[in-house]
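Report on the following structure.
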There are 2 protein chains.
Amino acid sequence: MREQKKQATREALRAAALRLALERGPDNVRVDDIAEAAGVSPRTYNNYFSSREQAIVAAVTSEREARVAAAVAARPGGVGLADAVVEAIVDQYTASDAPGQDALLLITTRPALRDAFIDTTTAIEHPLTEAIAERLGDGDPSIARVLAASVAAAVRVALEQWLQTAFSSSTASGLVVPSGSLPDFLRATLAPLRPALDAAEQRALRHRQR
Amino acid sequence: MREQKKQATREALRAAALRLALERGPDNVRVDDIAEAAGVSPRTYNNYFSSREQAIVAAVTSEREARVAAAVAARPGGVGLADAVVEAIVDQYTASDAPGQDALLLITTRPALRDAFIDTTTAIEHPLTEAIAERLGDGDPSIARVLAASVAAAVRVALEQWLQTAFSSSTASGLVVPSGSLPDFLRATLAPLRPALDAAEQRALRHRQR
DNA sequence: ACGCAAATTTGCGTGCGCGCAGATTTCTCT
DNA sequence: AGAGAAATCTGCGCGCACGCAAATTTGCGT
């Protein structure tokens, strides 16, 4: 129940940060305000989030890491590693778009939030490493780590491209986030890594036969 | 000569930061001290480096980015993309170990410096993207970007592993940095990406024939 | 050589991240 | 239930990153 309370305050901080950021605009939100709204000390805030932007972004991306890993693990073994990874990621990144449309717009606006959002891709690295290692069996564990890191990097590139087009198109037309094209970007940036994933999978198969 | 002066102060800041960090230990170095030693205002310091650790680390890794890209470009076209990239990186990361042995020891000691050192891998991404794009011809430019990002990620993993073993072995035996094994780590983490590099290269070849 | 424009430097103020140590809460064992 | 242990929360203080605008330097045209 200690853990419950921790997650509760964490969630409270997330919610407060997002709400205040949407109400007043992200620049008019002091970290003290968020802490007060969540009913904790300002110092405690920094025990949960190491930067002000993290809390706001976390409200959108919270626990996407675990979901991605679970989604990879959920795919049946016959699917092939590359397909499993790509589809799992596409699923998770398209699914979590719907809830916070306005929040995403807020994020794309402010560069600091944009960077924090992009940095969240590194968080999927560890869970994804374990999920890939699970599928590859216990070969060289550093292979899974490199593949996971590369996938995370590809996702980051996709987000960068997507946010860039979102920004430029929003100036041209109205304020529109082209969320429909995110899956396309993800598939495009993940495609070059497929040979590496396939090779690792076949290496694991050969290793397992012996 | 404006650019000359800028690079001069940048270099002065680097040198001052490293010298002071080695003399007193990195915790006893204020940013004001570095600025004063370089003969500039403290505020100017932050116009060049956005964190105190960056200056110290930059003294070791300065312009490794450009060197890696140049090394890739220097390999003859017949070598094959994967070999060109791997060997170029191994060369640059083994070559620049020699100058600052003591500095590296300092970096491995302090976690903050360790993190800053690892973060420098992202700096090679942009030059490497251009170098790879050059070799692939003008196909989809995002392919080169993903490959470069993946390579940078693999290098980061290698550095993490290397620093971890360096730390644990230094407690066991004396204060020894196992620099001899860095190339091995690099080759190991880059190996899983070879299929992706090969595939991209062949894709470019097919595209070029048409 | 002189003055104008652009770039760089500098001082100032603000908010923030975090180490530290004491107070407070929560868990565990008997 | 009660006492001790462990984890968490909180107040304090320090340095630092950075936006802003004025001052200084640098480059260029005439």
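A note on names: the letters A, B, ... follow the listed sequences, proteins ahead of strands, and every chain is numbered from 1.
Rounded to 10°, the angle separating the first-five-pair axis and the last-five-pair axis of the helix from C:dA1-D:dT30 to C:dT30-D:dA1 equals 30°.
Heavy atoms of other residues, nucleotides or ligands lying less than 6.0 angstrom from CD of B:Glu87 number more than 12. Environment of CD in B:Glu201: crowded, with over 12 heavy atoms of neighbouring residues, nucleotides or ligands closer than 6.0 Å. Counting heavy-atom neighbours within 6.0 Å of B:Arg75 CZ, excluding the residue itself, gives a total above 12. Summarising the local packing, CD of B:Gln4 is surrounded by 12 or fewer heavy atoms from other residues, nucleotides or ligands at distances under 6.0 Å.
The distance from atom CH2 of A:Trp162 to atom CG of A:Leu186, rounded to the nearest 0.5 Å, is 9.5 Å.
Think of the region where chain A sits on DNA chain D: with heavy atoms and a 4.0 Å cut, that region ends 5' and 3' at D:dA6 to D:dC12.
Remark: B:Ala123 engages B:Glu65 in a side chain to side chain contact (heavy atoms under 4.5 Å, CB included) (not counting sequence neighbours). B:Glu53 pairs by the side chain to side chain contact (heavy atoms under 4.5 Å, CB included) definition with B:Ser51, B:Ala112, B:Leu113, B:Ala116, not counting sequence neighbours. Listed by chain and residue number, A:Gln54 satisfy the side chain to side chain contact (heavy atoms under 4.5 Å, CB included) test with A:Ser50 (two or more places apart in sequence, or in another chain). Applying the salt bridge (charged side-chain N to carboxylate O under 4.0 Å, His left out) rule to B:Arg43 yields no partners; only residues at least two apart in sequence or on another chain are considered. Looking at residues two or more places apart in sequence or on another chain, you find a side chain to side chain contact (heavy atoms under 4.5 Å, CB included) between A:Ala103 and A:Leu18, A:Val60.
You'll find the side chain of B:Pro76 reaches within 4.5 Å of the side chain of B:Val79, heavy atoms only. A heavy-atom distance below 4.5 Å is not found between the side chains of B:Asn47 and B:Val40.
For the side-chain contact (heavy atoms from CB on, under 4.5 Å) criterion with B:Val151, the lone passing option out of B:Leu128, B:Val86, B:Val72 is B:Leu128.
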Result block: side-chain N/O donor-acceptor pairs under 3.5 angstrom for residues 26-35 of chain B, not counting sequence neighbours:
residue, atom, partner, partner atom, Å
B:Asp27, OD2, B:Arg110, NH1, 2.6
B:Asn28, ND2, B:Arg24, O, 3.0
B:Arg30, NH2, B:Asp27, O, 3.3
B:Asp33, OD2, B:Arg24, NH1, 3.1
B:Asp33, OD2, B:Arg30, N, 3.0

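For residues 27-37 of chain A, proximity to DNA chain D is found at no residue, defined as any non-hydrogen atom under 4.0 angstrom from a strand atom. Residues from residues 4-20 of chain B lying near DNA chain C, meaning a heavy-atom separation below 4.0 Å, are B:Lys6 in numerical order.
For residues 114-126 of chain B, the side chain to side chain donor-acceptor pair (under 3.5 Å) pairs, not counting sequence neighbours, are A:Arg156-B:Glu125.
Backbone-only engagement by A:Ser50 is indicated by non-hydrogen atom pairs under 4.0 Å involving sugar-phosphate atoms exclusively. The residue B:Phe49 sits apart from the nucleic acid: no heavy atom pair falls under 4.0 Å.
With DNA chain D read from its 5' end, the first of the two nearest nucleotides for A:Tyr48 and B:Ser51 is the one closest to A:Tyr48.
Residue A:Glu53 contributes atom CD, which lies 11 Å from atom C1' of C:dG15 at whole-angstrom precision.
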Inset, instruction - Sugar-phosphate atoms are those with a prime plus P, OP1 and OP2; base atoms are the rest. Using that split, label each nucleotide of nucleotides 19-24 of chain C B, S or - for protein heavy atoms under 4.0 Å, 5' to 3'. - result: BB----
